[in-house]
Amino acid sequence: MTTLRDAAADAGVHVGAAVDADSLRTDTDYRETLAREFDAVVAENAMKWGRLATGEGGYDFADADDIVEFAERHDMYVRGHTLVWHRMYPEWLRPWSRSEAEARRLLRTHVQTVAGRYRGRVDAWDVVNEAVADDGGLRETQWLEALGPDYVAEAFEWADAVSDADLFYNDYGADGRSEKADEVYELVSDFVARGVPIDGVGLQLHVFDEQVPPADVAANVDRLTDLGLKVHVTELDVGIGAAVDDRAEQADYYRDVVSAAVDAGADTVVTWGVDDGQSWLPVASGGGENPLLFDEQFRPKPARDAVVDALSR
Ligand code: G3I
């Protein structure tokens, strides 16, 4: 049977999954499915600041290291997620009463500690995640408030100084044609024009309330690659519920959207989890369910075969 991994290798792309360190250590089926079917990983949570932090300035890299070591043992591409985000940060950072200089020092130190530690081992970093607001402009976050709008570009400079990975801006709701997709395009176009060291854009592609037309994804990938940027589909999942009715329609959508993205030049496609049993989506959306390529017993679903088809050319 052709695995996802085989099909991706033939297509010259990576196919990956978001990984949980506990499942990796404790669940044989999880480990075997991941190693057999995927050639790329990203830590679902283990590389976020709030998970790495042990106290002010302290770090525990055990979970993140386990994921990177697993990837190395199985010859997998590693996406790092994420250095700068407004969520999952350590409690000790509160309250936000620090001076601008102190806030900048803390964030720069964090970016460089983590990106520097994994130099040569993480292939691509989501340097900044979800900095664009849903209704336009930059999202009002603690970082925008403390550092001003240039913090996004600064983060890329800091990462570039210590890392040889490809540096990505990653967001949701910017996958196809939308005002937010245009905002992200403007942000990264400006970076390219100004020589900010950005290498790529991550389109998350969480699909649970409505389908994003695959042709729109292709058009967006096209214009981003025209800027000279790489594009990764970083968090793909397709919940059964409002967006698709059943497994067959889910498979068709996966086939169409992966084909569209890869044909337009996306060179990595990552699903946000391995199996339906451990997806974030049912809890978060209250709607879309069973969004991944393997069911909770790790049996391949029609969607998995559809992605193999999409990559077989
Ligand atoms: O592990 C603890 C557990 O010990 C505790 O009992 C439980 C109680 O709430 O929480 C568990 O941690 C949760 C963790 O997921 C693991 O399940 C956190 O509360 C919860 O906040 C965390 O949610 C993650 C979320 O990002 C926030 O960091 C999701 O797993 C993860 O899938 C989600 O991923 C994000 C991407 O990073 C960015 N794009 C959107 C995507 C989906 O929201």
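Side chains are part of it too, since the values below use all heavy atoms of this structure and drop only hydrogens, waters and symmetry mates. First listed ligand is number 1; within each ligand, the first listed atom is number 1.
- Looking at residues two or more places apart in sequence or on another chain, you find a side-chain hydrogen bond (donor to acceptor under 3.5 Å, both in side chains) between H206 and E235, D237.
- Relative ring orientation between Y30 and F298 is described as perpendicular, the plane-to-plane angle rising above 60° on a 0-90° scale split at 30° and 60°.
- Annotation: side-chain contact (heavy atoms from CB on, under 4.5 Å) contacts of D65 (sequence neighbours excluded): F61, E69, R117, Y118.
- Between the side chains of Y172 and D134, a donor-acceptor pair is found at a separation under 3.5 Å.
- Side-chain contact between T234 and Q204 is present, with at least one heavy-atom pair separated by less than 4.5 Å.
- Protein residues having a heavy atom under 4.0 Å from any atom of ligand 1 are E44, N45, K48, R51, H81, W85, R87, M88, N129, E130, Q204, H206, E235, W272, W280, listed by chain and number.
- For the side-chain hydrogen bond (donor to acceptor under 3.5 Å, both in side chains) condition, the pairs that include at least one residue of residues 217-228, sequence neighbours left out, are D182-R223, N220-R223.
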